[in-house]
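Take a look at the structure set out below.
Every chain is numbered from 1, with letters handed out A, B, ... down the list of sequences. Below, each value reflects all heavy atoms present in this structure, side chains not excepted, and no hydrogens, waters or symmetry copies.
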Protein chains: 2
Amino acid sequence: MAKQNQSSEKFKRSSCPVASTLDIIGDKWTLLVVRDLFAGKRTYSEFQGSPEKIPTNILADRLKRLAEYEIVVKKPYQHHPVRYEYLLTAKGKDLGPVLMTMVQWGEKHLPGTKAQIIPAKEAKP
Amino acid sequence: MAKQNQSSEKFKRSSCPVASTLDIIGDKWTLLVVRDLFAGKRTYSEFQGSPEKIPTNILADRLKRLAEYEIVVKKPYQHHPVRYEYLLTAKGKDLGPVLMTMVQWGEKHLPGTKAQIIPAKEAKP
DNA sequence: CCGGATCCGGTCTGATACTG
DNA sequence: CAGTATCAGACCGGATCCGG
């Protein structure tokens, strides 16, 4: 039975929107996956390829939860060896501003960080 | 020596601003404390009084970390029985937009949540 | 009393190995 | 490639204890 160890069932339903939102994205990895989705990554191995090196079991769990919360949809895009891709839903895309403000805060206050998720329009010096 | 159990030393220094920011605020409790600060709470017991019931050791640890990151400052405001208050720094106040976007996302996508930290200007439908 | 520190059981993380 | 299984150790969370 294995008491669903890292499974996905974490409903707390606080009345505060901040607390409720944090119940969903309040951990180190979830938003990193969302960031990768915004960056155009779509497959499991692309997520694994990110420099933060998310553990494979954590990645699987987060993707499952993101799908349950309808922040992403998982769909097969090839059948022979079955391949899946994960895409942001409208709800997931609405997390953009959250990511954005975090990027701005990080760039302003944390030295040595530079955004790469927003290509920007070639502001070449 | 007690190998600093829940102590504060969690530097990962990723180059991505999202990852770096998440190393600081990427957990369930930290932003909740920041939310309380924005809501005007300043003392240890006021934080403990929040409906989410943060455990005392977690609260102490988060406040210590927030102070180390210079997101808050801790200062005594009374001496007889010494009492402390925690105040947001400019860096901490800059987290406002992050909180804001999370509130907006939560209110839009999570039913049954209602903000209480931002009075809002009566944008009645 | 208030602001924390300590203890301890249970949960989750994270590295690696393994499977379809 | 896309995960699942396993397992030690880190971390959380509740309760309790302590210093001023």
**OP:** Among D:dA2, C:dG14, D:dT4, find the nucleotide with the atom closest to the side chain of A:Thr56.
**Re:** D:dT4

Subject >> For the student: nearest non-hydrogen atoms of A:Tyr69 and A:Ile24, plus distance >> reply: CD1-CG2, 3.6 Å

**OP:** Rounded off to whole Å, could you give me the NZ-to-C1' distance for the B:Lys28 and D:dC11 pair?
**Re:** 12 Å

Subject >> Side-chain donor/acceptor of B:Tyr44 to backbone N/O of B:Glu85, under 3.5 Å >> reply: no

Original post:
Tell me the side chain to side chain donor-acceptor pair (under 3.5 Å) pairs involving residues 96-106 of chain A, sequence neighbours left out?
Top reply: A:Thr101-B:Thr101

**OP:** Report the distance from atom CH2 of B:Trp29 to atom C1' of D:dG13, rounded to the nearest whole Å.
**Re:** 9 Å

Subject >> With B:Lys91 via salt bridge (Lys or Arg N to Asp or Glu O under 4.0 Å) - residues at least two apart >> reply: none

Original post:
Hey, is the side chain of B:Tyr86 poking within less than 4.0 Å of OP1 or OP2 on C:dG4, counting only N and O atoms?
Top reply: yes

Subject >> Same apolar cluster: B:Met102 and B:Phe38, side chain cutoff 4.5 Å >> reply: yes

Original post:
Looking across every strand, which nucleic acid part, if any, lies under 4.0 Å from B:Phe47 by heavy atom: base, sugar-phosphate, or nothing?
Top reply: nothing

Original post:
Would one find a side-chain N or O of B:Ser45 under 4.0 angstrom from OP1 or OP2 of C:dG3?
Top reply: yes

Original post:
Of all the choices, C:dG4, C:dG14, C:dT13, which nucleotide is nearest to the side chain of A:Arg62 once you look at every atom?
Top reply: C:dT13

Original post:
For B:Leu32 and D:dG13, what is the distance between atoms CG and C1' respectively, to the nearest whole Å?
Top reply: 15 Å

**OP:** May I have the distance from B:Ile58 (atom CD1) to C:dG10 (atom C1'), rounded to whole angstrom?
**Re:** 13 Å

Subject >> No-H, no-angle donor-acceptor pair, B:Asn57 side chain to D:dG13 base, under 3.5 Å >> reply: yes

Subject >> Closest to side chain of B:Ala60, choosing from C:dG14, C:dG4, D:dA2 >> reply: C:dG4

Original post:
Does B:Lys74 make a side-chain N or O approach to OP1 or OP2 of C:dG4 shorter than 4.0 Å?
Top reply: yes

Subject >> Rounded interatomic separation in angstrom, taking CD from B:Gln48 and P from C:dG4 >> reply: 10 Å

**OP:** To the nearest Å, give me how far apart CG (A:Asp61) and P (C:dT13) are.
**Re:** 7 Å

Original post:
Quick one: B:Gln78 CD to C:dG3 C1', roughly how many Å, whole number?
Top reply: 12 Å

Original post:
Under the 3.5 angstrom rule, does the side chain of B:Ser50 hit a backbone N or O of B:Lys53 as a donor-acceptor pair?
Top reply: no

Original post:
Starting at CG of A:Asp27 and ending at C1' of D:dC11, how long is that distance when rounded to a whole Å?
Top reply: 14 Å

Original post:
In degrees, rounded to 10°, what is the bend between the two ends of the helix from C:dC1-D:dG20 to C:dG20-D:dC1, using five pairs at each?
Top reply: 20°

Subject >> Cation-pi, B:Tyr84 ring and B:Lys74 (6.0 angstrom, 45 degrees) >> reply: yes

Original post:
If you check every side-chain atom of A:Tyr44, which of D:dT4, C:dG3, D:dG13 has the closest atom?
Top reply: D:dT4

